[in-house]
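Below you'll find the structure, written out as structure tokens, and then a few comments.
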Amino acid sequence: MTRIQLKILDPRLGRELPLPAHATDGSAGMDLRALLDAPLDLAPGQTTLLRTGLAIYIADPGLAAVILPRSGLGHKHGIVLGNLVGLIDSDYQGELMVSCWNRGQTAFVINPGERIAQLVIVPVVRAEFELVSEFESSQRGAGGFGHTGRH
Ligand SMILES: O=c1ccn([C@H]2C[C@H](O)[C@@H](COP(=O)(O)OP(=O)(O)OP(=O)(O)O)O2)c(=O)[nH]1
Ligand SMILES: [Mg+2]
């Protein structure tokens, strides 16, 4: 198991609210909670930046974290992320923040401590570009954006 440093910024975490963890042996994500002081009514079309009450320091440049929507909230209630996906750099040490967007047609109440998104740790390949004037030819070449047809 990879170990990543975590700092608690809100004393409710680790006491009345569990720290993020994999819910089952096979879960890729760890749910993040909205560390609100009171319920928040998110109107249709509205976006809000939510505190998670914690900071992580991944430290290893070969890793990153992504914040993804929870599928139930996204599909049933239209609660997704204002930035679609959040990318957490390995050198970021600030509080993890979740941009929460109500893309639905009805208001949604976010309660304090509610699980609003999930964090996934991913490997990162670091690269630098090598300038060339011609590529060795490939099967696809420059074809893209539907080039191979619909089916
Ligand atoms: O959903 C998110 C996305 C980002 N971050 C933090 C961690 C990340 O390492 C940092 C910068 O994110 P990003 O590079 O995506 O944002 P930017 O707009 O390019 O800001 P910067 O100029 O600080 O890189 O903000 C979050 O807490 N939540
Ligand atoms: Mg950036």
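Only this structure's heavy atoms are used, side chains among them; waters, hydrogens and symmetry mates stay out. Numbering of ligands and ligand atoms starts at 1, following listing order.
Of all the heavy atoms in Leu63 and Ser90, the pair that sits closest is O-CB, 3.5 Å. Ile58 and Ile4 get closest at one heavy-atom pair: CA-CG2, 4.1 Å.
At the shortest separation from atom 28 (N) of ligand 1 among protein heavy atoms lies Met97 O, 2.8 Å. Of all protein heavy atoms, the one closest to atom 25 (O) of ligand 1 is Tyr92 CE1, 4.1 Å. In terms of protein heavy atoms, atom 8 (C) of ligand 1 is closest to Leu87 O, 3.2 Å. Of all protein heavy atoms, the one lying nearest to atom 1 (O) of ligand 1 is Asn83 ND2, 3.0 Å. Closest to atom 14 (O) of ligand 1 among all protein heavy atoms lies Asp89 OD2, 3.9 Å. The nearest heavy-atom contact from the protein to atom 26 (C) of ligand 1 is Ile88 CD1, 3.5 Å.
Numbered from 1 in the order shown, with element, the atoms of ligand 1 that lie under 4.0 Å from a heavy atom of Gly86 read 1 (O), 2 (C), 3 (C). Less than 4.0 angstrom separates some heavy atom of Glu95 from each of these atoms of ligand 1: 27 (O).
Inside a 4.0 Å radius of atom 23 (O) of ligand 1 there is not any protein heavy atom.
Taking CD from Gln118 and CG from Leu32, the interatomic distance works out to 8.5 Å, rounded to the nearest 0.5 Å.
Side-chain contact between Leu119 and Leu96 is present, with at least one heavy-atom pair separated by less than 4.5 Å.
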*Decide yes or no on salt bridge (Lys or Arg N to Asp or Glu O under 4.0 Å) for Glu114 and Arg33, but give the supporting numbers first.*
CA-CA 5 Å; Glu114 185 160 354; Arg33 294 171 185 273; over 6 Å; no
Quiz: residues 7-20 side-chain donor-acceptor pairs under 3.5 angstrom, not counting sequence neighbours:
from, atom 1, to, atom 2, distance (Å)
Asp10, OD1, Arg12, N, 2.9
Asp10, OD1, Arg12, NE, 3.1
Asp10, OD2, Arg12, NE, 3.4
Asp10, OD2, Arg12, NH2, 2.9
Arg12, NH1, Leu36, O, 2.7
Arg12, NH2, Leu36, O, 3.4

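Annotation: His75, atom NE2; neighbour count of heavy atoms from other residues, nucleotides and ligands within 6.0 Å does not exceed 12.
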